[in-house]
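This report refers to the structure that appears directly beneath it.
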Amino acid sequence: MTRTLITSAIPYINGIKHLGNLVGSQLPADLYARYLRARGQEVMFICATDEHGTPAELAAKKAGKPVADYCAEMWQVQKDLADGFRLSFDHFGRSSSQRNHALTQHFAARLADAGLIDERSSRQVYSNADGRFLPDRYVEGTCPNCGYDRARGDQCENCTKQLDPTDLIEPRSAISGSTDLEVRETKHLFLRQSKLRGDLDAWIDGQDGWPVLTTSIAKKWLHDGDGLQDRGITRDLDWGVPVLRDGEPWPGMEGKVFYVWFDAPIEYIAGTAEWADANGQPEAAWRRWWREDEGADDVRYVQFMGKDNVPFHTLSFPATLIGSGEPWKKVDYLKSFNYLNYDGGQFSTSQGRGVFMDQALSILPADYWRWWLLSHVPENSDTEFTWENFQTSVNKDLADVLGNFVSRVTKFCRAKFGETIPEGGSMGEPERILIGRLSDGLAAYQTHMDNIEIRKAAAELRAIWVAGNEYLQEAAPWSVFKDDPERAAAQVRLALNLIRVYAVLSRPFIPDAAEAMLAGMQTDDDSWPTDMEAALTALPAGHAFVVPDVLFAKITDEQREDWAARFSGVRT
RNA sequence: GGCGGUGUAGCUCAGUUGGUUAGAGCAGCGGAAUCAUAAUCCGCGUGUCCGGGGUUCGAGUCCCUGCACCGCCA
């Protein structure tokens, strides 16, 4: 049977992510992983924190901590939030791990062996006061074009002119404000991606059924203008993977580290190795997921990410893998997402705009967020989050349609038959119709989930919930009970069994509520339904259950107004 | 500036390779039911598919153009 390797774009370390970040990669990846596991597939689901680079160093400095300590703390924060959202990673790694150091250095060495790396000098701004080279965007000054006095070294935000740091008038360090700057010559390794253009082009052409968003972005970067550019893969920083070659100093590269965008995707592989280490597994256990010569030929590899990450995953990372000359597993399907907007604007980490993962969990359980975000995931276009929409969707779908179904069935049974699945009676025409609808719905649901069409899957799941209410409405056991209790018993028995089926089908979306439903039905049978009729008789007459607590309390208007006001401004 | 995306019912969005009277959920209106978290179920939509040209027997769906909003520019 096919095994599935799933990776989510790895979140950057410098702070808590907002819901737009969550819905663009980790959450849909989790949905897919949970679904495949429920279907009995072997899954390896890897995520990690992306820890290197200047922003991490600056965030650590601002927090007054050594960067390694800062990253360790923020990793734990992000790990706890991932747990809070029930993200079911097999391993949540760190790009700063020794595994990633070793693999990053390994890839660089193989690329060098293949003649795909060369050394180039460039002139970069060095800040004496900061004791470091400054990335272009960390040099500020007056724009020579428009006179804006806070232009960045890569571009003037005011007139949008692309700049070189040396163009700036009265340049200063954006870190310290120091004007004690000089231009120094520095050498860096470049990955000669341009030589791999043909390979990449052929590889992308060989992909069937990738989302248009994915291939169009890749093709654009391959063919536009001068085509795929070689890129520097090292930086003059302290925090990162040291540039070594097979464990030895790399001549001319002393004191330098690999660029974050070179080592970050390699962490997908390293993270799997970290998983093996954490679980006492041998090398072969992780290599069978990644090396086609060591068992990975039956692996299907699916990546999830926001559209801004697509170029790195369709070009840079594959260039690393292909260029190594080794049979590493490359992505088979790349699911990319548009953006989630917040109440008329963008979610913004830098501006603190929107709802952040910690805030979200502080006001509502994970399932509420998971359901809304996944059922509105920006698959085909950007999507808008509004509190009104969130409130009505969640109340209607979760509380009224699903939660109330569980409530009305279990409470009716308790009142008329006790907290035991009643016996007697048999199925009739309405039951057969229901089973037919559920079977069709299940088939559609599976198709959408298999195709990773998440909104469609969510809509189908909701329709499956609705079918239960439609049945109850038509069967009306509360009326039937008056003169044919046995018939009512059969109806209730079916409806109670439906709760278990709903729990199983809904679990990828709302794992906690699904657990509560299974707990209420006092069953461990979470097997995926293959035959709907059989699945609806899994809990036999005489089986005891308990009426669960209200699964989803409704969001009140007062809460909504309060939250809308609280999260309207800027996070402090 | 270059490139890309989006613009469909009050709201959030679907609309496959162009083909019968443009759909879903929510909201709204009417009704049924009363087991249930005042929940459920049924019925009801004449919307210049952003504007203007064009291709076609036929375009929301392709081409050109204008407008608006948004993103990216390593």
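Every chain is numbered from 1 and lettered A, B, ... according to where its sequence line falls, protein lines coming before strand lines. No experiment lies behind these values; they were computed from the predicted model shown.
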Rounding to the closest angstrom, what is the interatomic distance between B:C67 and B:C50 at atom C1'?
8 Å
If you look only at pairs with a residue in residues 474-485 of chain A, which of them pass as a side-chain hydrogen bond (donor to acceptor under 3.5 Å, both in side chains), with sequence neighbours excluded?
none
Using Watson-Crick or G-U wobble geometry with both distances under 3.5 Å, which nucleotide pairs with B:G28?
B:C44
Using whole Å, what does the distance between atom C1' of nucleotide B:C26 and atom CH2 of A:W387 come to?
18 Å
In this structure, how many angstroms lie between the C1' atom of B:A74 and the CH2 atom of A:W261, rounded?
10 Å
Sequence neighbours left out, what passes side chain to side chain donor-acceptor pair (under 3.5 Å) with A:D230? Give chain and number order.
A:R120, A:S194
Within this structure, what is the OH-to-P distance between A:Y342 and B:U12, rounded to whole angstrom?
15 Å
Starting at OH of A:Y471 and ending at P of B:A33, how long is that distance when rounded to a whole Å?
20 Å
Side chain to side chain, A:R507 and A:E515, heavy atoms closer than 4.5 Å:
yes
Rounded distance in Å between the C1' positions of B:U6 and B:G60:
14 Å
Among residues at least two apart in sequence or on other chains, which ones pass salt bridge (Lys or Arg N to Asp or Glu O under 4.0 Å) with A:R560?
A:D557
Between B:A24 and B:C49 - C1' atom distance, rounded Å
16 Å
Please report the distance separating the C1' of B:A14 from the corresponding atom of B:A9, rounded so that it comes out in whole Å.
13 Å
Whole-angstrom distance between B:U21 and B:C63, as gauged at atom C1'
28 Å
Mind checking the P distance from B:G53 to B:A59? Whole angstroms is fine.
14 Å
Distance check needed: B:C73 C1' versus A:R231 CZ, whole Å only.
13 Å
Re B:U20: Watson-Crick or G-U wobble partner, both distances kept under 3.5 Å, found to be none
Roughly how far apart are A:D397 CG and A:T392 OG1, rounded to 0.5 Å?
8.5 Å
OH of A:Y445 to NZ of A:K456: how many Å apart, nearest 0.5 Å?
15.5 Å
Hunt down the Watson-Crick or G-U wobble partner of B:A68, both distances under 3.5 Å, from any strand shown, or write none.
B:U6
Look at the rings of A:W261 and A:H313 and say which category their plane angle falls in: under 30° parallel, 30 to 60° tilted, over 60° perpendicular.
perpendicular
Do A:S393 and A:N389 meet the criterion of a side-chain donor-acceptor pair at a distance under 3.5 Å?
yes
Taking a pair as Watson-Crick or G-U wobble with both distances under 3.5 Å, which nucleotide is matched to B:U55?
none
When the distance from CG of A:D397 to C1' of B:C26 is rounded to whole Å, what number comes out?
9 Å
B:G71 C1' sits how many Å from A:N309 CG, rounded?
14 Å
Between the main-chain N or O of A:M521 and the side-chain N or O of A:H543, is there a donor-acceptor pair closer than 3.5 Å?
yes
Determine: side-chain N/O of A:R462 to OP1/OP2 of B:C26, distance under 4.0 Å, yes or no.
yes
What is the base-pairing partner of B:A14, counting Watson-Crick and G-U wobble geometry with both distances under 3.5 Å?
none
Readout for nucleotides 34-42 of chain B: B = base within 4.0 Å of protein heavy atom, S = sugar-phosphate only, - = neither; 5' to 3' it is SBBB-SBSS
Indicate the ring-plane relationship of A:H376 and A:W372, choosing parallel, tilted or perpendicular according to the 30° and 60° boundaries.
parallel
Which value, in whole Å, describes the distance between the C1' atoms of nucleotides B:C73 and B:G15?
32 Å
Closer to the 5' end of RNA chain B via nearest nucleotide, is it A:Q193 or A:T392?
A:T392
Pair assignment for B:A39, Watson-Crick or G-U wobble, requiring both distances under 3.5 Å:
none
Return all side-chain donor-acceptor pairs below 3.5 angstrom for residues 409-430 of chain A, not counting sequence neighbours, or 'none' if the list is empty.
unit_1	atom_1	unit_2	atom_2	d
A:T410	OG1	A:V406	O	2.7
A:T410	OG1	A:S407	O	3.3
A:E419	OE2	A:V547	N	2.8

When the C1' atoms of B:U17 and B:C13 are compared, how many Å lie between them, rounded to an integer?
23 Å
For A:F312 and B:C72, give me the distance from atom CZ to atom C1', rounded to whole Å.
11 Å
Does B:G1 have a Watson-Crick or wobble partner in any strand here, with both distances under 3.5 angstrom, and which is it?
B:C73
N/O to N/O distances under 3.5 Å, protein versus nucleotides 7-11 of chain B:
none

